[in-house]
Colleague: 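Once you've had a glance at the structure underneath, I'll fire off some questions.
Here is how names work: the chains are called A, B, and so on, in the same order as the sequence lines, proteins then strands, and each is numbered from 1.
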Amino acid sequence: MAAPLAGDLSLIYNALLAAFGHQHWWPAETPFETMIGAILAQNVAWTNAAQAVRNLDAAGMLDPHLLAGADAGEIARLIVPSRFYNQKAERIREFARVYVAEFQADPAAMAAVEAETLRKRLLALRGLGKETVDSILLYACGKPVFVVDAYTRRIFSRYGLLPEGASYDHMQRLFADNLEEDVALFNDYHAQIVFLGNTICRKSPLCDRCPVRVIGGTLRCARGQA
DNA sequence: ACCCAGGGCGTTG
DNA sequence: CAACGCCATGGG
């Protein structure tokens with residue numbers, strides 16, 4: 001594996017943006033919906049998580065106070081499509097309780113907390129791991145935290161920029177060390193990776209429609225070089 | 001009838 | 001730390 005060239009990550013983003021257009025993440029109406037969506041999206045297709053969000057909304061339960069006081073079984077019943085619904089119901093209720101008790105159910109109050117402090121606090125909650133917490137930090141709180149995931153590992157190991165068994169921290173460091181700290185960039189870059197991952201590059205190792213490929217050990221982008 | 005999705009936890013070695 | 005099993009839906 002060649003040492004990551006400093007410009008590769010920007011080159012790849014430019015190619016993805018040129019090919020796919022801005023992704024406009026997170027697909028939610030409010031910061032709180034984003035937070036709940038991040039939990040519901042754990043290890044499940046987004047369409048399933050989205051259905052669970054719609055069910056909560058339709059039941060009038062997409063509310064921090066109501067979720068904090070709800071019966072876990074009542075939440076579970078509404079989020080069945082999200083898979084692992086019993087676990088996720090507990091996680092959502094506990095998160096809602098903390099959101100109300102410590103952040104006054106106010107996204108601005110939460111976003112006012114220093115990023116690393118907030119990250120540690122959320123990571124201490126059961127069911128909130130690094131990817132979920134970082135998604136909340138970036139997409140709900142506007143913190144400059146790069147979110148990485150299984151798609152990131154699959155795609156960037158394919159480009160030769162990460163080993164196949166790269167850890168979350170290792171992956172995150174690659175982006176933090178080689179990109180300008182920019183919330184808008186971090187937001188759309190991760191969204192582009194997910195889009196690429198669950199559409200055209202799902203199966204074939206280097207599908208012919210991928211805007212980014214490796215030729216003779218060198219990274220090439222079909223569009224967006226600069 | 002398979003396969004796997006925008007993970008995380010608890011338990012082992 | 002890594003490797004496992006567990007959780008337990010729905011679309012391709």
Colleague: Applying ring pair (Phe, Tyr, Trp, His ring centres under 6.0 Å), can you list everything that pairs with Phe103(A), at least two apart in sequence or on another chain?
Modeller: none

Colleague: Check the distance between dG6(B)'s P and Phe84(A)'s CZ and give it to me in whole angstrom.
Modeller: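 Atom CZ in Phe84(A) sits about 13 Å away from atom P in dG6(B).
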
Colleague: Indicate whether any N or O donor in one side chain lies under 3.5 Å from an N or O acceptor in the other, for Asp134(A) and Tyr168(A).
Modeller: yes

Colleague: Would you say Ser167(A) places a side-chain N or O within less than 4.0 Å of OP1 or OP2 belonging to dC1(C)?
Modeller: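 Result: no.
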
Colleague: Should Trp46(A) be counted as stacked on dG6(B), where stacking needs a ring-centre gap under 5.5 Å and an angle between planes under 30 degrees?
Modeller: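 Ring-base stacking flag set for Trp46(A) and dG6(B).
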
Colleague: Go through dT9(C), dG6(B), dC7(C) for me and flag the one nearest to the Arg83(A) side chain.
Modeller: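 So the side chain of Arg83(A) is nearest to dT9(C).
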
Colleague: Could you tell me how far apart Gln42(A) (CD) and dC4(B) (P) are, to the nearest whole angstrom?
Modeller: 20 Å

Colleague: Do we see a donor-acceptor contact under 3.5 Å between the side chains of Glu90(A) and Asn86(A)?
Modeller: no

Colleague: Please figure out whether Asp149(A) or Leu125(A) has its closest DNA chain B nucleotide nearer the 5' end.
Modeller: Asp149(A)

Colleague: Report the distance from atom CG of Asn86(A) to atom P of dT9(C), rounded to the nearest whole Å.
Modeller: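 Distance check: Asn86(A) CG to dT9(C) P gives 9 Å.
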
Colleague: I need the CG-C1' distance between Asn48(A) and dG10(C), as an integer number of Å.
Modeller: 5 Å

Colleague: Just to be sure I understand the rule, does Glu131(A) reach a base, reach only the sugar-phosphate, or reach nothing, if contact means heavy atoms closer than 4.0 Å?
Modeller: sugar-phosphate

Colleague: Would you indicate what Val80(A) reaches in the nucleic acid, counting non-hydrogen atoms under 4.0 angstrom: base, sugar-phosphate, or nothing?
Modeller: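 It contacts sugar-phosphate atoms only.
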
Colleague: So Tyr13(A) and Tyr189(A), would you call those rings parallel, tilted or perpendicular, with 30° and 60° as cut-offs?
Modeller: tilted

Colleague: Using whole Å, what does the distance between atom P of nucleotide dC7(C) and atom CZ of Arg91(A) come to?
Modeller: 13 Å

Colleague: Surrounding CD of Glu114(A) (heavy atoms of other residues, nucleotides or ligands, distance under 6.0 Å), is the total greater than 12?
Modeller: yes

Colleague: Using atom CG of Leu138(A) as one end and atom C1' of dG6(B) as the other, report the distance to the nearest whole Å.
Modeller: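 Roughly 13 Å, once rounded to whole Å.
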
Colleague: Taking only the side-chain nitrogens and oxygens of Arg154(A), find out if one of them lies under 4.0 Å from OP1 or OP2 of dA5(B).
Modeller: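 True: Arg154(A) side-chain N/O within range (under 4.0 Å) of dA5(B) OP1/OP2.
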
Colleague: Between Tyr85(A) and dT9(C), does any side-chain N or O lie under 4.0 Å from OP1 or OP2?
Modeller: yes

Colleague: Rounding to a whole Å, what distance do you find between Trp25(A):CH2 and dG6(B):P?
Modeller: 8 Å

Colleague: Expressed as a whole number of angstroms, how long is the span from Arg54(A):CZ to dT9(C):P?
Modeller: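 Distance, rounded to whole Å: 18 Å.
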
Colleague: Mind checking if Lys130(A) touches a base, just sugar-phosphate, or nothing, with heavy atoms under 4.0 Å?
Modeller: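 Touches sugar-phosphate only.
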
Colleague: If the P atom of dG6(B) is compared with that of dC7(C), how far apart are they to the nearest Å?
Modeller: 22 Å

